[in-house]
Structure formats: structure tokens, C-alpha cells
Amino acid sequence: MKRILVTGANGQIGVELTRILRDSYGRDNVIATDIKELPEDMDGPFRILDVRDANMVHEAMERTRADTIIHMAGILSAKGEEYPQLAWEINIQGIYNVLEVARIKEASVFFPSSIATFGPTTPARNTPQDTVQRPTSIYGISKVTGELLCDYYHIKYGVDVRGLRFPGLISHKALPGGGTTDYAVHIYYDAVKHGAYTCPISAGSYMDMMYMPDALDAVLQIMEADPRKFVHWNAFNTSAMSFDPEGIAAEIRRHIPDFEMRYEVNPVLQRIADSWPDSLDCTAAREEWGFNPRYDLTAMTDDMLKRLREKLTGE
Ligand code: SER
């Protein structure tokens, strides 16, 4: 990667990824793009880009002479259930336009897939890398389609397209937008602000999660990996921990003993959560490119609460 175009640079992952890419590859070699303007403190090259518009995507690549596209633009699972047509357009047209321009310009691509590509008929525990994928959310359906399209462009046209299946990502910088796993971010904010949280996901619903620093490292690592060890190219299972709402609440109580957890289960989110795995098998990622996350639930909770206290209360 020498000149990198990031789509969806304003999203939960995009904001942080753009910053660390700029640290590693130089400010001017990382072109942030999004459908919305970026926060003011993000200085560096930026273009408005709607990934649904093939001409805009081609022009952005032409003008910036990027050799790599990190394609983070997308609609997540909960928002996708509200706007299925929009989710399909952005998620499918977006990856198609990106792969097409990569084919023509001989660029490399990063594609973020998700635990959402699995469904109720997938083995829920220690979910294998290669297994049944019959998701029931539009987001999951769009991401499986994206995975297959990435395989197709790699096999047919030799496009260097790599990617990960992300679990829920937890971070303290930008808020997530419209995912089923977002509760695991909001719970920390509400713990610091109010000492209590009303959870939309029921106790006992386990999902895979990862702290943002590990997710960012994983993107850089796979994009710089020597592909001679690859058996898979994209859609690697990645996860650093699996917990249910009670598990994360218990960790928060180590720091905030009176923390109070209430439940108001949202049936749409719950249905999605129930259809996803409890815990992924990440052996392929470890063996093929050295995936090695550093944060478990305890270490993540220590760091999240410390950082959010600084951010929200100035402590
Ligand atoms: N965090 C995503 C979501 O909940 C999963 O990829 O939609």
C-alpha cells in the first residue's frame, strides 16, 4: 500500500483507520472519502464520494492515483433492517464499483465482512471459517454477496482483494452507527455518564467482539501480509472475545460497583443477535497471516472506562 483511498472514512472504523494509516503511510498518501464531510480535526486529503456512483468512484481513483482502496462504506445490520433497499444499494453497488475500478486500475482492495454472514443454521459455537452461510438479515445477505464477489474478482481477474469478518467493534472515539452489537459501546458511555444502562439485547445472548485497536492492527496486518501463506484471501473470521450483556456488565462493576443494568429487549435486534454465532474459530486468520489480538474483555474494559472518563468527565 502506497497511496490509499478510504471509503466511509467518517464511520466508526473509518475515522480511526484513516488516522493510523496516515501515521504509517504519510498524511498525503491517504485520501479520506465519505458521503459526509469529516470532523474538523481530521486534517489531510478528503473527497466527497458516494460509492453507489460508479463514475464518482472511477474519478476518485483517477484523480488521486491511489493503488489501494480500503472500502469501509456500508450500512450495518440494524439500520439495514430499517432501510433494506438502501442497505442493498450501498453495500452491493459499493463493493461492485470498488472491485470494478480495482480490476481496471490494478489496485488492491480491503473488504470488511462480518459475523452477520452467518445465520441460524450455522454452527453457533466455535464457528468454522468455512461453513454454512444462510444469513437472515439484509446486511448479512449483502456481506455474503460481497465476500463471493471478492472471491470472483480474485479468481477471475487476479484482483488482490483481502478482507476480514469483523465481530462487533468497540471503541471510544467515533460512535458506531446502526449495528446490533452497538450496545457493547453504548453500555460504557452510559456507565460513565449515568451509572446505569438499558440494554436492548437479552441476557444470555453471546456475540463475538473486538476492541478497535486490535481491529485496526488486523487491517494493516492482512494488507501487508505475504500472500504466499494465504489459503483464503478474504472473509477471515476474526474475534477477540465473546460475551453476553451480563458478562460485560460484570466487568463494568469491577470499576463501578453500583452499575445498574436494565433490559428493554428490541425484538428486531434480538432476532439478529440470535441468528449470529456465539463464538468464532479464528484459526485460519492466525495461521495464514498471524492474527493476534491483544485485548480481552478485562483489558478492554479497563481501557474503555479510563478513556471515556477522560473524554466525558475530564477526570
Ligand atoms: N457490528 C456489526 C453490526 O452489528 C456487525 O458486523 O451490524
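Every value quoted in this text rests on a predicted model; they were computed, and no experiment measured them. Order of appearance sets the numbers: ligands from 1, and atoms from 1 within every ligand.
Side-chain contact check for Phe111 versus Ser113: some heavy-atom pair is nearer than 4.5 Å. Two residues are said to be in side-chain contact when any heavy atoms from C-beta on lie closer than 4.5 Å; Trp289 and Phe230 meet this criterion. At least one side-chain heavy atom of Asp160 sits less than 4.5 Å from a side-chain heavy atom of Trp233.
Although no hydrogens or angles enter the test, the distance criterion places no donor-acceptor pair under 3.5 Å between the side chain of Gln93 and the main chain of Trp88.
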Write none if no such pair exists; otherwise list each N/O atom of ligand 1 with its protein N/O partner under 3.5 Å and the distance.
| residue | atom | partner | partner atom | Å |
| --- | --- | --- | --- | --- |
| ligand 1 | 1 (N) | Thr181 | OG1 | 2.8 |
| ligand 1 | 4 (O) | Ser77 | OG | 3.4 |
| ligand 1 | 4 (O) | Thr180 | N | 2.6 |
| ligand 1 | 4 (O) | Thr181 | N | 3.1 |
| ligand 1 | 4 (O) | Thr181 | OG1 | 3.3 |
| ligand 1 | 6 (O) | Ser114 | OG | 2.6 |
| ligand 1 | 6 (O) | Tyr139 | OH | 3.2 |
| ligand 1 | 7 (O) | Ser77 | N | 3.1 |
| ligand 1 | 7 (O) | Ser77 | OG | 2.6 |

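Applying the salt bridge (Lys or Arg N to Asp or Glu O under 4.0 Å) definition to pairs two or more places apart or across chains, none involves residues 178-207.
Look at Lys143 and Glu147 and you find no salt bridge, because none of the NZ, NE, NH1 or NH2 atoms lies under 4.0 Å from a carboxylate O.
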